[in-house]
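Just so it is clear, the values below take in all heavy atoms, side chains as well, and ignore hydrogens, waters and symmetry mates. Just follow the structure's listing: the first ligand is 1, and inside any ligand the first atom is 1. For reference, positions follow the sequence shown, starting with 1.
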Amino acid sequence: MTSQYAYIRGTFVPLEDATINIRTHAFLYGTAVFEGIKAYWLPEENRMAAFRLKEHYQRLIQSCRIIGLQHPLDVDAMIDITKELLHRNHCNSATYLRPIIYKSDLRIGPILKVPHTHDDFCLFSVPMDGYLDTSNGIKVGVSSWRRLDDNAIPARAKVNGAYVNTALAKTDGYASGFDDVVVLTNEGHVAEGSAMNLFLVRDGKLITSSITDNILEGITRSSVIELAAKELGLESVSRTIDRTELYIADEAFFVGTATELAPITSFDHRPVGDGAIGEITKKLRDLYSKAVHGLLPDYHHWLTKV
Ligand code: PMP
């Protein structure tokens, strides 16, 4: 592999030099926000394109606003840096991008806003084909860990420290033999997957958790809602979902930037539908894959071509 670059402290540096001091506030307290973005090779154009890049950076700024970080760069500047990184790293296949805005002061004490505080932006890329092996569908369990509440660490913001919750849920799920997990809200309603949003199909309708049920307002979720409506004429209902609805769904799938669209074939060892990947799920997976690879001209506005 050619040498890889990352962006940190206002400049591109070799990846191995993109390091932080162990006294960094974000390392001590988890005071950082991030995004997971994916860029794909467009087979018909022989170049890369990042999927819904603007929306990811808008959400990163929203995460800053929620937890009270300053964002050192605006959306356009972060887009330019991302394009430059994809160039410098000679990316020519599916690539995951991880921008982070982090509290970079070397300071003891959790308070976020003090005079002369510093928040920095950094970015790196890694090749990523599949986050989960989803070819035959995945087995999912309901986690005993609950999703963080909006009044604890808001799930609506992608806060680094909050991913301890994801790590606990996912690790215990793996140990129990599941590929991934569904996490519930404190009230016991279905929130989302460990790091993905959930859709159920019931009676030909798509159902996905309400944005007020402690979920991340996912960009793949909104892309799938739009594709389902425009391409398949399928309505999506966002509402509170009960745990037992998982057990009687006709089809189910997770969506997320890294996960893409992952068909779910069982919940808590109970088969979803007849235990095979559902027809609507297959169609949406195909549409999503075409959209990210630039094969649906109507959705080229979702792509930032590099
Ligand atoms: N929920 C959580 C907790 C996540 O970490 C992610 C991944 N970013 C998602 C949902 C899916 O969001 P998106 O489609 O924007 O990647």
Chemist: Quick check: are there more than 12 heavy atoms from other residues, nucleotides or ligands sitting under 6.0 Å from CZ of Arg65?
Modeler: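 Not more than 12 within 6.0 Å, no.
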Chemist: If the cut-off is 4.0 Å to any non-hydrogen atom of Tyr163, which atoms of ligand 1 fall inside it?
Modeler: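 Result: 2 (C), 3 (C), 4 (C), 5 (O).
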Chemist: Would you say Asp268 and Tyr247 make side-chain contact, with heavy atoms under 4.5 Å?
Modeler: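 In short, these two side chains touch, coming nearer than 4.5 Å.
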Chemist: Tell me: protein heavy atom nearest atom 8 (N) of ligand 1, and distance?
Modeler: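 Minimum-distance protein heavy atom for atom 8 (N) of ligand 1 reads Lys158 NZ, 2.8 Å.
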Chemist: Heavy atoms only: which of Ser223, Gly256, Ala195, Gly193 is nearest to atom 4 (C) of ligand 1?
Modeler: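 Checking each option, the heavy atom nearest atom 4 (C) of ligand 1 is found in Ala195.
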Chemist: For Ile219, take its heavy atoms, then give the atoms of ligand 1 lying under 4.0 Å from any of them.
Modeler: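 In order of numbering, the contacting atoms are 13 (P), 14 (O), 15 (O).
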Chemist: Would you call Glu35 a ligand 1 contact, heavy-atom distance under 4.0 Å?
Modeler: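 It does not; every heavy atom stays at 4.0 Å or beyond.
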Chemist: Quick test of your reading of the structure: of Arg156, Glu192, Arg52, whose heavy atom lies closest to atom 3 (C) of ligand 1?
Modeler: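 Result: the heavy atom closest to atom 3 (C) of ligand 1 is in Glu192.
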Chemist: Only distances under 3.5 Å count here; give the side-chain donor-acceptor pairs of residues 25-33 to other protein atoms, sequence neighbours excluded, each with its distance to 0.1 Å.
Modeler:
| residue | atom | partner | partner atom | Å |
| --- | --- | --- | --- | --- |
| His25 | ND1 | Thr31 | OG1 | 2.8 |
| His25 | NE2 | Gly109 | O | 2.8 |
| Tyr29 | OH | Gly109 | N | 2.8 |
| Thr31 | OG1 | His25 | O | 3.4 |
| Thr31 | OG1 | Ala26 | N | 3.4 |

Chemist: Ignoring hydrogens, just give me the one of Leu216, Thr259, Thr257 whose non-hydrogen atom is nearest atom 16 (O) of ligand 1.
Modeler: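 It is Thr257 whose heavy atom sits nearest to atom 16 (O) of ligand 1.
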Chemist: How about Phe178 and His269: are their ring centres within less than 6.0 Å of each other?
Modeler: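 When the ring centroids of Phe178 and His269 are compared, they turn out to be within the sub-6.0 Å range.
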Chemist: Please determine whether any non-hydrogen atom of Glu217 lies less than 4.0 Å from an atom of ligand 1.
Modeler: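 No.
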Chemist: Is the terminal nitrogen or CZ of Arg285 (NZ for Lys, CZ for Arg) located under 6.0 angstrom from the six-membered ring centre of Phe253 and within 45° of that ring's axis?
Modeler: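 No, a cation-pi geometry is absent between Arg285 and Phe253.
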Chemist: Please indicate whether any nitrogen or oxygen in Thr220 is less than 3.5 Å from any nitrogen or oxygen in ligand 1.
Modeler: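 Yes.
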Chemist: Consider ligand 1: state whether an atom of it lies below 4.0 angstrom from any non-hydrogen atom of Arg147.
Modeler: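 A heavy atom of Arg147 does come that close to ligand 1.
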Chemist: Between Phe199 and Phe254, does the ring centroid distance fall short of 6.0 Å?
Modeler: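 Phe199 vs Phe254: aromatic centres not under 6.0 Å.
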Chemist: The criterion is side-chain hydrogen bond (donor to acceptor under 3.5 Å, both in side chains); which residues satisfy it with Arg146, sequence neighbours excluded?
Modeler: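 Partners of Arg146 by the side-chain hydrogen bond (donor to acceptor under 3.5 Å, both in side chains) criterion come out as none, since no residue qualifies.
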Chemist: Pick one: which of Ile241, Asp213, Asn197 meets side-chain contact (heavy atoms from CB on, under 4.5 Å) with Glu192?
Modeler: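 Answer after filtering Ile241, Asp213, Asn197: Asn197.
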Chemist: Report the part of Met196 in contact with ligand 1, treating N, CA, C, O as backbone and CB onward as side chain, heavy atoms under 4.0 Å; options are side chain, backbone, both, neither.
Modeler: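 Contact part for Met196 vs ligand 1: backbone (N, CA, C, O).
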Chemist: Please list, in number order, the atoms of ligand 1 under 4.0 Å from a heavy atom of Asn197.
Modeler: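 The atoms of ligand 1 under 4.0 Å from a heavy atom of Asn197 are 10 (C), 11 (C).
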